[in-house]
Structures are given as structure tokens and as C-alpha cells.
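Below, chains carry the letters A, B, ... as their sequence lines are ordered, and counting in each starts from 1.
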Amino acid sequence: MDTESTYSGYSYYSGRSKGSHRHGERTRDRDRHKSRNKDSRSEKSVTINAPPAEPLLGDSTARGEDTQDDNWGETTTAVTGTSEHSLSQEDIVRITKDLEDSVGLDCRRYLALSLAAGLGLLVFLTPLAFLALPHLLWPEKLQACGTACEGLFISVAFKLLILLLAVWALFCRAPRAGLPRVFAFRALLAVLVLLFVLSYWLFYGVRILDSQDENYQGIVQYAVSLVDALLFIHYLAIVLLELRQLQPCFTLCATRSTDGETRHYNLGQLSIQRAALAVLENYYRDFPIHNPSLLTASKSRAAKHLAGLKVYNVDGEFPEAPAEGPGNNAPAGMAHSQSRAMIAAAARRRDASHNELYYEEAEHERRVRKRKARLVVAVEEAFTHIKRMQEEEQKKAPGDVMDPREAAQAIFPSMARALQKYLRTTKQQHCHSMESIQKHLAFCVTNNMTPKAFLESYLSAGPTLQYGRERWLARQWTLVSEASVTSGLREGSVFVLRSLDFSLVVSVKRLPFIQLGEEYVDPKSHKFVLRLQSETSV
Amino acid sequence: MSFIPGQPVTAVVQRVEIQKLCQGDHLILGFSIGGGMDQDPVQNPYSEDKTDKGIYVTRVTPKGPAEKAGLMMGDKIMQVNGWDMTMVTHDQARKRLTKKKEDVVRLLVTRKSLEEAVKHSMCGYPKQ
């Protein structure tokens, strides 16, 4: 059973909502933990516990929990300092967040999209409106448009076209991610553009519409200045949104919590949510796929360590049963000395588990190598049965020809058994389905790849993108951060990207300030002497 | 045998007089020299101070005139017939030793054991 996808450490009574399974345990100093004595398999549970120094809030709660069924006892119970029937602050926050979620991230996205579209339309139509309104409202009073004025028309037209292309290039892209908070710089720019356009309209309305100005050239120049300023705002948008984060100044160290795979990335000045997005995009490319079946060995070893000693939980001040095992010198009920007793007992016990590990690993290595050898031979032999037909041969003998898919299906059975055994030994069998293997085989055959090239994707674990979409789980990430996610990266900040089975812990360090000195070497300064030690006989 | 730059060189020396032996149409002395102002002093195996660019005896042919006269391997040659040998090039040293007109060379050589011998003999006498 997979205890990796843990359920949060909230007790039954402190309010469980449907979102609770997404949030991991939170540490709070007011929590009191109570353990179950069979609780050895979930590493998030605490086995050595103190009885609380003050009595639990309401003995009825404790007794009520005792009558729960055993399966539920896998999680720790945290009795917060609130009474049974009130909701704590975290619950309220969680419920409102869930409400927001359920109303729809879609709603938020459509809202943002419609706002942006409206703003864009306003921005593009404003100069045209500025130019057209005088003709519509007071055409007879208006001065005729001379040469310079008509030249300005061309300028307005082209600048609007350039602005249209630039906005299309920068903003009209399919969103590649859904971030938790609004993008601060985009909001800022939208507000700026809105204020700007509104102030221009205000000026236009008061000075030109009200007074019905006849100087059409002045109005056209006003419209041109608006378009110029919009282009400058677009330049500002490029600098803020695209250029500012290009220069790397932080290095992020991303570590996977289950197996310790670590990678480093250099990023520029970004907000935490954008940095998290960058790390995730690189995660899919760089980190080998997360394989939970490779971690069962260490879990079983941990279980064996804990199963060796029985610890009796102590309620109240006086212990009813002493802790078993050698080294029982614990005075009554103190967690400190009880854990010390446990550690001392474990140290004294003659433990041969390191020996087992060594031999087990050697044996596994040998088995893998044997299976690999058989697999390589089988695949090489299978590939010799297929030969690409040349063009002329195709015309001459249109008999038993196959397309790549059929060719793959024809040679697959001869290597299927060896491949299956190998995948089982290296615990990869759930990553590759039969169709995916056949598809890959057809792909290799089409592109004239050697058997070694075909096998490479099975011999070593590739990045997550190499496997099917169902393993990507790209919609299940949660960003856990102490600082606000729209705040910028800072030296020493840490945030966690949590997926269902594992989490990526990311820590930020500033890149060092490099002081580079200079030393000039004259090309003529490379001179050499011959150093001899000769001996002459006299 | 170490020297302090700028100060006069002092050493305990031994006089060695070698009669040249006539071998064919050459006059040989029966030893080989190494070192000199133009050579690499670091490679000299006999010198104490590896910056010493003096002339050292690197080999003494057995039963030759040099051995008979008491020259030993590792000796530093300070003077040859009155000519100084502490600041000469290797070739100049060779020339001074192989002058055809002379059939006797009088060398002043120094070695470590000479200094020690003098020190021992001086310690023998109590200070007065």
C-alpha cells in the first residue's frame, strides 16, 4: 500500500474538507501527537511520543478517537488547541480557497482574458476615434487637412500596425501554465495603460470635444503622440516581462525528496511563482522519472529497525508497562529518555542489516547484468530479421511488404520475454506498456536505428517527458512557500513544489560576485634558456 | 663551501699537485670536471649550496695521476696554478687545466671533510 500519498495530520474533529488531502502536514508548536503502537509503516508518523504535559482537551475526544477503526490510525492525530466544534483559522482559509477553486480557475482565466481583450480593443480604437470624431461631430468647422497632416495619417497607420504586431508577438500566446497568483507585472502594465488612455480621453474630451477645436492638424498630432506613447509603454512591457529576468543572478538547487536527485538552475530576478514554473519546466526534462518501486527496499529496512523493539505508549504520569528491549533505563514517561533508550537499544543490538544490504545489492547487480546480456542478444537477433526494402525492389516485388508498425509487431514477440524480464528486474515494468514498446520499436525501425539505440531508453531511466502523458501529472503541482509567491527571489529562500508522491525542495542562492583581474602577457616575453650540466674529462 | 654574496669566500683548502701523464699526444690529468658559470647549478650532485656555480670534480679515473695526487670525487677546485676557478665558465676551466705547455698543475681544492677535520682539531684544544 502506498503510504507516500499521505493524508494530512488533522484529527477527525478539527474539520476535514475535500481539499485536505492536498495539504501535507503542517508543523505547529501547539500540536500534541498521539501515536499508535503499530504505526511503523508510514514515515510521517511519529513513533516516540511524549504524553502531553497537560491533559488533552476533553477526555471524550481521546476516547472517541480510540474507538476508530485501525486503518485510520495510519495518520497522526493532531489535537489543536481549539474546542471540538469550532473551526480554526486554517480551516476557514482552506474552505474559502476551495470555494475559489471550485468556482473555477477557468472563471478567473476567462475574466483575465476578457479584461485583456477589452483593454486591447480600447487601446487600438482610441487613436482612430480621436481622428474620426471631429469629422463626425463638427465637419463643417474643421480645417482642411493639408500635406503635413496627411503625412501624419500614414505615420499613425504604420505605428498602429507595428503596435498591433508587437502586441500580438508579446501577448497573444497560449498560456503555458496556470499560476496561483496574478502576474504582478502584467497587472501593473494593464493598470498603467488604462490610466494612460483614460487621461488622454479626459484631455480630449475637455479640450477638444467640448470646445470643438478646428485645428485638425493639432488633433492628428495629438493622436500620433498617443500612439508613440503606447509604443513606449510596449517597450516598457518588453523590458519588464522578458528582458529583466534574462540575466542570471540566482542559482536554484532543486532536490527531489524521495530519492535525492539534485539539479541546479541559474535564473534571473523572478517572482517565486515564476521561478517555480521555470524549475518545473526543467524538471520534466532533466530529472529521471520518479519510480516509487525503487524506494521500497529502504522502507522495508526502516520497518525492520522499528519492528525490532516494542514501545508501549504511556498515558498520564505513571507508566503502566515499561518499554521492552535492552537498555531499559527510562524513568517514567519522559519522551526524551524514552527516545534515548530506543537509540541505545538499537545501537547495542547486534544488527546485521548492513551485511544483508551489501550482499543483496551485489546479487541484484549480478541478476540485472545477466538479464541485460540476454536482452541485448535477443534484440540484436530480432533486428537482423528486418531489412529495409529499396525503391527498385519495392516496384519489382510487391509481395510480403510491411509498413513499420507491422514490422515492429512481427519482430516484437522474439524479444518480448527478455525485455519483460529485464524490466521486471529493474522495477520499470509499470513505466512501459506493450503499445508504447511497439510504438518505440516502429519508430526505431523507421529511422534506421541500431538495436543499441532502441534499447537505450529501457536500460536507463529517462526524463519524465520521455514517458506517456499519464505519468506527467502536470496539473497536480502545489507551491508551498513561506514567503508570498509574488515576492521576488531572495538569498536563502526555500519553497517546496509538491506533487502527489513526492516533492521538490528548492533553495535559492545568489550567484557570487565575480571579480576578474587582468594580466597582460607580451607575446615576445616567451623566452627560454638551455640549462646544461656538462662534464669534461681533463 | 657556502658563500654569502658580497663577502669574500673563505674555505679550508688542500694543495694538490698533479703531474700530467702523457697518453699518446695528449696530456691527461685523470679526472673530470663539472659545473661553471654557464651551467645549471641545481643539477650538481656534489655541491652543498645549489646556487654554487663553481667547478667540481665529478669523476676520478682509478690509478690515474689525480688519484695518486690525492684528488677525490666531489672536490671543488678553487685555484689552478694561481688562477681563480670559482667564477669561470666551464670551457675556461677546461682550458686552464689542459694547457699544453704545463705538465704540472697545482690545485687548491676544498671539501667538506676538510672543514670538519679542522673543527675537530680545534675542539681538541681547550680555549686559553
For [X] and [Y], which heavy atoms make the closest approach, and how far apart are they?
X: A/Ser537; Y: B/Arg59; value: CB-NH2, 4.5 Å
X: A/Glu535; Y: B/Ser32; value: OE2-CB, 3.7 Å
X: B/Asp40; Y: A/Gln533; value: O-OE1, 2.8 Å

Legend entry - Residue list, ring-ring contact (aromatic ring centres under 6.0 Å, His included) with A/Phe287, at least two apart or on another chain: A/Tyr283

Inset, instruction - Mind checking salt bridge (Lys or Arg N to Asp or Glu O under 4.0 Å) for B/Arg106 and listing every partner two or more places apart, or none if nothing turns up? - result: B/Glu17

Inset, instruction - Would you confirm whether B/Gln39, through its side chain, and A/Ser534, through its main-chain N or O, come within 3.5 Å as a donor-acceptor pair? - result: yes

Legend entry - Given B/Val105, B/Leu97, B/Ile18, the one that forms side chain to side chain contact (heavy atoms under 4.5 Å, CB included) with A/Val538: B/Leu97

Are there over 12 heavy-atom neighbours, none belonging to [X], within less than 6.0 Å of that residue's [atom1]?
X: A/Glu363; atom1: CD; value: yes
X: B/Lys99; atom1: NZ; value: yes
X: A/Met449; atom1: CE; value: yes
X: A/Gln247; atom1: CD; value: no

Legend entry - Toward chain A, the part of B/Asp91 with a non-hydrogen atom under 4.5 Å: neither

Legend entry - Interface residue of largest heavy-atom contact number with chain A, from B/Asn44, B/Ile33, B/Val57, B/Thr98, under 4.5 Å: B/Ile33

